[in-house]
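Here, residue 1 is the first one in the sequence, and each next residue gets the next number.
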Amino acid sequence: MAVTITKDNLTAEVNNQITVIDFWAPWCGPCKIMDPVLEQLEAEMGDQIHFAKLNVDDNQELAEQYHVLSIPSLVVFENGVAKEKVTGIFPKDKLKTYLNKKLAEASQTA
């Protein structure tokens, strides 16, 4: 199960080779569509990628800090640093291909 991110645990939770934070809100229809996709990817890739969720309603300052203007948005962190943001709905296979690419890139720089 993805960890819930707050301003209090953000730094500790992104201190991994790759962390993906799902910026979402309970009222967001597209976010609900992405939920099962992210849960499946976490089940398949959770040993390589740390998955987390951030409710933008409860953490507006963090959403602003990472320039999240639309949800759902995924912010990809590498070793604690936000590197990329992708916004919108993605099919599982497309998102998995993207995440595998991020893992390959991170292992080359490690």
Side-chain angles (χ1 to χ4, degrees):
M1 174 106 183
V3 174
T4 300
I5 297 294
T6 66
K7 64 179 175 18
D8 298 326
N9 70 351
L10 175 70
T11 302
E13 292 297 335
V14 297
N15 193 19
N16 302 288
Q17 183 178 21
I18 299 280
T19 301
V20 175
I21 299 180
D22 173 26
F23 285 73
W24 70 286
W27 47 263
C28 168
C31 299
K32 292 175 185 175
I33 293 169
M34 283 302 295
D35 264 348
V37 171
L38 291 169
E39 287 173 9
Q40 290 171 20
L41 288 171
E42 183 178 14
E44 294 174 23
M45 305 177 82
D47 57 336
Q48 300 170 293
I49 296 175
H50 185 61
F51 287 85
K53 295 179 77 64
L54 185 143
N55 183 329
V56 296
D57 288 344
D58 297 338
N59 298 280
Q60 291 180 3
E61 290 175 10
L62 290 176
E64 289 174 19
Q65 179 180 342
Y66 293 104
H67 309 288
V68 173
L69 304 175
S70 300
I71 52 175
S73 285
L74 303 177
V75 178
V76 179
F77 288 78
E78 293 179 22
N79 300 310
V81 179
K83 295 287 189 174
E84 289 186 21
K85 177 181 66 176
V86 292
T87 301
I89 299 173
F90 294 90
K92 179 185 163 203
D93 291 341
K94 184 174 181 178
L95 193 52
K96 186 173 184 176
T97 299
Y98 169 78
L99 293 175
N100 279 324
K101 181 180 171 208
K102 294 286 117 197
L103 283 169
E105 290 171 4
S107 67
Q108 289 175 355
T109 59

So if you build clusters from Ile, Leu, Val, Met, Phe, Trp, Tyr with side-chain heavy-atom gaps below 4.5 Å, do F77 and I49 land together?
-> no
Does the pair L74 and L38 meet the rule for a side-chain contact (heavy atoms from CB on, under 4.5 Å), with working shown?
-> CA-CA 10 Å; L74 303 177; L38 291 169; 4.0 Å; yes
List in chain and number order the residues that pass ring pair (Phe, Tyr, Trp, His ring centres under 6.0 Å) with Y98, two or more places apart in sequence or in another chain; answer none if no residue qualifies.
-> none
Looking only at heavy atoms, what is the nearest atom pair of [X] and [Y], with distance?
| X | Y | result |
| --- | --- | --- |
| Q17 | S107 | NE2-N, 3.5 Å |
| K7 | N59 | N-OD1, 3.9 Å |
| M45 | L99 | CE-CB, 3.9 Å |
| P30 | I89 | CB-CD1, 3.6 Å |

Yes or no on side-chain contact (heavy atoms from CB on, under 4.5 Å) for K85 and V68, after CA distance, side-chain angles and deciding distance?
-> CA-CA 8 Å; K85 177 181 66 176; V68 173; 4.1 Å; yes
Sort and list the pairs that fulfil salt bridge (charged side-chain N to carboxylate O under 4.0 Å, His left out) and have at least one residue in residues 14-43, not counting sequence neighbours.
-> D22-K53, D35-K53
With the threshold set at 4.0 Å, does a side-chain nitrogen-carboxylate oxygen contact exist between K92 and E44?
-> yes
Steps toward side-chain contact (heavy atoms from CB on, under 4.5 Å) verdict (E78, K102) = CA-CA 9 Å; E78 293 179 22; K102 294 286 117 197; 4.3 Å; yes
Hey, mind stepping through F90 and L41 against side-chain contact (heavy atoms from CB on, under 4.5 Å) and telling me if it holds?
-> CA-CA 12 Å; F90 294 90; L41 288 171; over 6 Å; no
Could you give all pairs that pass the ring pair (Phe, Tyr, Trp, His ring centres under 6.0 Å) test and reach residues 7-27, with sequence neighbours left out?
-> none
Has the side chain of N9 got a donor or acceptor atom that lies under 3.5 Å from a matching backbone atom of T6?
-> yes
